[in-house]
Amino acid sequence: MPVLVGTAADARGLALAGVDGHVCTTRQEVERAVDEILQSVAHPLLILSSVSAHEIASRIASWRRDGTGPPFVVLPPDMEHPIQPIAEPRLKPGLHSERGE
């Protein structure tokens, strides 16, 4: 079941598609909403606004690293909230990945 954690504008937009949402404005609210969703929804698909994802970036990084978190999607930033999406760490200049990049 998809559940949004994000801004009021995100919640209004996704409500039109029937997605339940948690409007959050602080890091504590985002953490609390995610914890509540993970405890109460059997198989959640988290939809995170870029603002919410930024607030819990370390938690998302551990989900990616350990493969322990729920499936999630981070919405792209909008003009009102131009926060860059969470990026993978970059290699230092002069170092190359195993793929030859």
Side-chain angles (χ1 to χ4, degrees):
M1 174 173 139
V3 183
L4 169 79
V5 176
T7 65
D10 295 325
R12 281 191 305 271
L14 289 175
L16 295 172
V19 175
D20 290 334
H22 294 260
V23 176
C24 301
T25 57
T26 67
R27 174 172 293 164
Q28 292 79 16
E29 289 175 350
V30 173
E31 290 282 357
R32 201 171 316 127
V34 169
D35 289 341
E36 179 184 313
I37 292 165
L38 295 178
Q39 290 175 2
S40 64
V41 179
H43 300 286
L45 167 62
L46 286 179
I47 302 173
L48 301 166
S49 71
S50 60
V51 174
S52 295
H54 186 324
E55 293 294 337
I56 61 168
S58 61
R59 191 170 187 178
I60 290 172
S62 70
W63 289 346
R64 286 180 171 167
R65 182 184 60 244
D66 304 335
T68 56
F72 65 92
V73 175
V74 177
L75 299 174
D78 58 24
M79 297 301 286
E80 188 177 335
H81 303 95
I83 293 178
Q84 296 297 318
I86 298 170
E88 296 295 322
R90 296 215 168 245
L91 295 173
K92 293 180 181 177
L95 296 178
H96 301 284
S97 70
E98 294 176 4
R99 296 183 300 205
E101 297 174 342

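Everything numeric in this text was worked out from a predicted model, so none of it was measured. Position 1 is the first residue of the sequence; numbering continues from there.
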**Study point:** Within-4.5 Å side-chain heavy-atom neighbours: Val5 and Ile56
**Key:** no
Check your understanding: Under 4.5 Å between any side-chain heavy atoms of Leu75 and Leu4, yes or no?
Key -> yes
Exercise for review: With sequence neighbours excluded, give me every side-chain hydrogen bond (donor to acceptor under 3.5 Å, both in side chains) pair touching residues 12-22.
Suggested key: none
Practice item. State which residues pass side chain to side chain contact (heavy atoms under 4.5 Å, CB included) with Ser40; sequence neighbours excluded, sorted by chain then number. Key: Glu36
Review point. What about Val74 and Met1, same hydrophobic cluster or not, with Ile/Leu/Val/Met/Phe/Trp/Tyr joined at side-chain heavy-atom distances under 4.5 Å?
Key: yes
**Study point:** Trace of the side-chain contact (heavy atoms from CB on, under 4.5 Å) decision for Val51 with Asp10
**Key:** CA-CA 11 Å; Val51 174; Asp10 295 325; over 6 Å; no
Study note, to complete from the structure: Taken in chain and number order and not counting sequence neighbours, the residues that satisfy side chain to side chain contact (heavy atoms under 4.5 Å, CB included) with Asp35 are Arg59
Point to revise | Results of side chain to side chain contact (heavy atoms under 4.5 Å, CB included) for Thr26 - residues two or more places apart only | key: Gln28, Glu29
Revision key, fill the gap. Note: Pro2 and Val19 closest approach over all heavy atoms is O-CG1, 3.8 Å
Check your understanding: Are any of the side-chain heavy atoms of Phe72 and Val34 separated by less than 4.5 Å?
Key -> no
Check your understanding: Who else is in Leu45's hydrophobic cluster (ILVMFWY, side-chain heavy atoms under 4.5 Å, direct or via others)?
Key -> Val73
Study note, to complete from the structure: Residues at least two apart in sequence or cross-chain that pass side chain to side chain contact (heavy atoms under 4.5 Å, CB included) with Pro44, listed by chain then number, are Ile37, Leu38, Val41, Pro70
Point to revise | Reported OG-to-CD distance for the pair Ser52 and Glu31, which is rounded to 0.5 angstrom | key: 10.5 Å
